[in-house]
Trainee: 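Pasting a structure below so you can have a look.
The model shown is predicted, which means the values in this text are computed figures rather than measured ones. Chain A is the first sequence line, chain B the second, and so forth, proteins listed ahead of strands; every chain is numbered from 1.
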Amino acid sequence: MKHPLWFGMLAMIAGLCACSRQEAPKPPDAVTVQLKWVHQAQFAGLYVAEEKGYFAEEGLKVGFLEGGQGIDSAQALISGQADFAVITPEDILIRRSQGAAIVSIAAIYRRSAVVYLSVPGTGIIRPSDFAGKTVAITGRDGAVRDLEFQFYALMKKLGVPLDAVRCLPYDPDYTAFIRGDTDITAAFLTAGVVKLRQQGYSPNIIWPGDYGIHFYSDTLATTETMITQNPDRVTRFLRAALKGWREAVGDPESAVAIILKYAILPDFRLQTAMMDAQIPLIHTGSGPIGWMEPDIWQGMYQVLMEQGLIAASVDVRSAYSMAFLKSIYEGGVR
Amino acid sequence: MRLSSKLAVLLTLFSFFSIVLVGYPAFENSRRALEQEAIHHLLSTNKSKEIQINRWIGDLSGNLELLAESPFFVEEFPGEMAAHDPLVPAHRFAHRNIIAKYLKPVLEKSGFSELFILRAEDGRVLVSTDSVQEEKYKTNQPFFEHGKTRTFIQNVYYSMSLQQPVMTVAVPIRDRLGKAIAVLAGRFDLADLSEIMAQRSPMKQTEESYLVNTFNFFVTETRFGKNFALKKSVHTIGVIAGLKGESGVGFYANYRGAPVIGAYHWMPERELCLITEIEQAEAFEPVAALRKFLVMIGALIGLMAALVGWFSARNVIRPLRWLVKETEKIGSGHLEYKIQTAGRDEVGDLSRSFAQMVARLRDTLVSRDRLAAEVAERERIEASLRDKNAEMEHFIYRVSHDLKSPLVTAGAFLEYLKKDIAAQDLERVGKDMSYIRSAVEKMDQLLGELLELSRIGRVVRAPVAISFQNLVGEALSAVAGHIARQKVDVRVGEADVVLHGDAFRLSEIWQNLVENAIKYMGDQPHPSIEIGAERRKGEMAFFVRDNGMGIKPDDQAKIFGLFQKLNSGSEGTGLGLALVKRIVEMYGGRVWVESEGMGQGSCFWFTLPRCEPV
């Protein structure tokens with residue numbers, strides 16, 4: 001005699017399912033995201049948003065394009081190959097000055113991951129100590145130029161003449177630095193520093209932000225076309241991505257478990273260290289995740305312009321859009 | 001279900017019900033009391049933590065304000081700052097002096113981890129108790145921005161300079177004119193804040209307090225996790241409610257998923273949510289013990305009730321079951337079985353009345369049997385009387401008929417005689433006379449035999465002992481003429497039996513049977529008769545066997561009746577075999593005939609139980 005009840009309930013559930021399906025008959029919008037580098041903890045928030053279905057909840061079907069040596073994130077956006085991209089703000093400003101209509105919609109690394117390292121005991125603890133020292137910062141063939149911009153700005157800000165330092169090419173293996181042949185090397189807090197610490201070194205860290213050089217590192221960007229034609233899609237993408245990031249930084253252990261599914265180096269210790277290193281850059285303790293400040297954009301533009309990297313003057317305010325962040329956070333998502 | 005199980009279950013249920021009825025309100029009251037106590041405790045803990053935090057912050061800010069307003073910073077510092085030039089030895093001395101004389105003492109006696117002075121102009125760190133931090137720019141920091149005009153406390157945030165979470169208070173340093181020329185800032189030692197949060201009653205095993213910021217991140221370390229500060233977010237019901245600006249108490253799962261009672265409190269001036277939680281398991285541990293106790297007592301009483309129920313039911317049932325067995329014996333027909341009637345209880349009474357009932361039943365059945373026997377006897381007698389009556393009627397009919405026929409014959413020949421005498425025919429007269437005599441003789445024989453028959457049983461001679469051989473010998477000599485005439489070969493067996501009885505009557509049995517055998521020899525060319533006796537089934541049976549015409553099976557019962565002649569043309573009165581039957585029955589015996597049928601000969605058997613020697 002229990003059966004009729006069961007059947008009734010099943011029928012009701014089936015009915016509900018059918019109803020909810022009828023309410024969302026649209027197939028999800030396919031969007032493509034160009035990552036800045038290879039799959040690793042750096043993109044944790046996006047993985048979490050994908051894995052926990054936040055993109056799906058927003059009616060999006062997200063495809064990731066892996067970055068790497070020789071892959072130009074900005075170009076992928078410009079060419080239309082990707083709808084969204086993880087790009088440095090420097091790239092956005094420089095490309096915009098060259099005429100590319102790309103716009104940052106949120107800063108994921110709200111603090112720059114670029115630092116300069118010295119060996120403890122050498123007395124090099126601040127940029128003013130750099131005079132007369134060798135510094136490994138320059139990018140080969142224009143690659144990893146991000147490490148240079150802030151260095152020159154730092155030197156300028158602190159009044160250290162550039163000819164007082166000897167600039168050498170940046171070596172991602174830090175061989176000369178470890179040997180003591182190079183006094184100072186640039187590094188990313190989330191990569192090089194993690195690597196060196198794993199090898200047992202604890203270098204002095206000189207962070208440009210402490211000396212008034214405030215840069216963002218990773219930002220989420222899209223095209224002006226997308227913003228005008230599909231503002232709703234942009235909002236939905238960003239909302240899901242921010243939710244993913246919020247969850248990733250709020251629960252790094254679970255995030256690492258998800259990262260390991262994507263990472264090309266599925267090394268638990270490495271990805272955990274990377275995750276831990278990037279949390280203070282993403283969630284600073286002041287302001288919500290992704291939030292951007294006009295002063296910082298203006299400062300970055302200033303630095304780039306002074307270094308002669310801006311081809312034609314740009315209205316900085318058009319290089320980033322706060323519209324989406326504002327609408328999302330006003331919508332009650334913290 | 002057996003009565004004993006039923007009673008056990010019933011008593012257990014009853015005791016369980018009673019325990020629940022009594023125990024549940026007690027349990028519920030204690031639980032509510034504990035809940036109230038726990039809630040009160042958590043709320044007061046939150047209140048006291050808030051006071052401590054505010055006092056801690058207030059004290060530190062106060063110290064900093066006092067320092068900033070001290071004569072040195074108002075009078076001398078502005079001049080020294082204006083002459084800032086690290087390359088000048090006097091400046092380096094003044095720099096060391098500020099740290100050693102003014103900053104370090106405050107740092108040591110209060111809970112700051114770092115004290116530093118920022119130039120109001122550009123936010124540059126001019127002096128710091130941590131020399132590494134000097135020359136950095138804090139231009140963008142809110143504490144610098146606001147610290148230029150008033151005392152400002154910047155909430156816990158992650159410091160890239162220190163690579164750890166920090167909380168900073170800043171106060172303006174003003175010159176004599178009241179112009180803010182610098183900002184004096186201090187880093188709170190968050191270990192102290194964590195210490196405030198960690199203080200708790202040593203009795204509570206799971207109680208903990210922590211702070212959560214508006215981004216849902218832990219601000220202080222938790223008791224059961226490591227490196228949570230600004231590294232881990234928390235979205236429990238309590239935190240969510242607290243961050244909405246509410247203060248209250250809730251029952252929910254905490255960040256570890258453990259069910260807790262949690263008090264949440266929003267501190268608006270700090271923009272922090274203060275949480276104090278205790279695991280429900282611990283808060284309700286005393287009632288859990290009470291519940292355990294109640295359950296144990298309940299189980300014990302239930303068990304006892306079950307046992308008592310079972311045993312008492314067994315005590316009642318055992319005699320009942322015994323009684324059932326006893327009655328089953330009687331039920332299977334043993335009415336004479338005596339039921340034990342010991343015991344003074346109801347079962348004893350029951351068995352006694354049952355025994356009485358059985359006794360009465362037994363009496364009734366005995367008198368019924370007797371009655372039935374009497375009825376059977378009467379019926380038997382009645383039947384025999386009926387037989388005798390029928391026999392008598394038949395006898396009277398036969399006698400009148402058989403007696404009448406010689407009389408008719410005699411009467412007819414008397415008429416002939418009269419005519420023949422008148423006609424003087426002497427020859428015919430002689431013939432008539434012989435017919436008449438023959439009729440008279442016939443009648444005489446008939447009457448004689450009837451007389452004999454009536455005498456049997458009526459006239460009793462004293463019994464004598466006589467051997468079988470003698471009896472047969474007497475019988476054969478009486479019918480010797482017949483035997484000789486018919487040339488019958490008679491053989492007598494060698495039985496050596498002595499009989500007691502009326503020798504005359506006994507001999508008549510054989511005499512009549514031999515006569516009967518000769519009479520119905522038919523056209524047998526070698527007539528023979530065999531006389532003997534043999535022991536059959538414990539009694540002596542006598543036989544007279546012939547090889548004559550035999551008797552049809554249908555007629556074998558009839559032949560012993562009075563005047564029964566199977567062939568009306570045969571000679572004899574029809575009384576011979578009736579006579580044999582009367583004599584045999586007089587001695588308690590039976591007579592029967594065996595014959596395979598017509599032409600097969602006959603064998604007459606009879607027994608004489610009362611004649612046999614005891």
Trainee: In terms of heavy-atom contacts, does CZ of B:Arg256 have more than 12 from other residues, nucleotides or ligands at under 6.0 Å?
Mentor: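 Yes, CZ of B:Arg256 has more than 12 neighbouring heavy atoms, counting only those of other groups under 6.0 Å.
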Trainee: What part of B:Glu134 lies closer than 4.5 angstrom to a heavy atom of chain A: side chain, backbone, both or neither?
Mentor: both
Trainee: Please give me the minimum heavy-atom distance between B:Met160 and A:Pro280, naming the atom from each residue.
Mentor: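 For B:Met160 versus A:Pro280, the nearest heavy atoms are SD-CB, 4.3 Å.
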Trainee: By a 4.5 Å heavy-atom criterion (distance strictly below it), what part of A:Asn204 contacts chain B: side chain, backbone, both, or neither?
Mentor: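 A:Asn204 has no heavy atom closer than 4.5 Å to chain B.
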Trainee: Only pairs of heavy atoms separated by less than 4.5 Å count here; which of A:Glu253, A:Glu293, A:Glu247, A:Arg111 has the most with chain B?
Mentor: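 Of the options given, most contacts go to A:Arg111.
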Trainee: Would one find more than 12 heavy atoms of other residues, nucleotides or ligands at under 6.0 Å from atom CZ of A:Phe268?
Mentor: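 Open: at most 12 neighbouring heavy atoms sit under 6.0 Å from CZ of A:Phe268.
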Trainee: Taking atom CZ of A:Arg317 as the centre, report whether more than 12 heavy atoms of other residues, nucleotides or ligands fall under 6.0 Å from it.
Mentor: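 No, CZ of A:Arg317 has 12 or fewer neighbouring heavy atoms, counting only those of other groups under 6.0 Å.
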Trainee: Output the residues of residues 152-161 of chain A for which the shortest heavy-atom distance to chain B is under 4.5 Å, in residue-number order; output 'none' if no such residue exists.
Mentor: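 The residues closer than 4.5 Å to chain B, in numerical order, are A:Lys157, A:Leu158.
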Trainee: Output, in order, the C-alpha distance, side-chain angles, deciding distance and verdict of side-chain contact (heavy atoms from CB on, under 4.5 Å) for A:Arg126 and B:Gln133.
Mentor: CA-CA 9 Å; A:Arg126 51 179 68 90; B:Gln133 305 305 323; over 6 Å; no
Trainee: Is the number of heavy atoms from other residues, nucleotides or ligands within 6.0 Å of CZ (B:Arg150) greater than 12?
Mentor: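 Enclosed: over 12 neighbouring heavy atoms sit under 6.0 Å from CZ of B:Arg150.
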Trainee: Roughly how far, to the nearest 0.5 Å, is the OH atom of A:Tyr211 from the CD atom of B:Glu135?
Mentor: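 If we round to the nearest 0.5 Å, B:Glu135:CD and A:Tyr211:OH are 7.0 Å apart.
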Trainee: From B:Tyr157 OH over to A:His283 NE2, what is the distance, rounded to the nearest 0.5 angstrom?
Mentor: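 Here the interatomic distance stands at 13.5 Å.
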Trainee: Would you mind telling me which of A:Ile279, A:Asp295, A:Asp251 has the largest number of heavy-atom pairs within less than 4.5 Å of chain B?
Mentor: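 Counting heavy-atom pairs under 4.5 Å, the top option is A:Asp251.
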Trainee: Is chain B contacted by the side chain of A:Leu189, its backbone, both, or neither, given a heavy-atom distance below 4.5 Å?
Mentor: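 For A:Leu189, the contact with chain B is made by the side chain alone.
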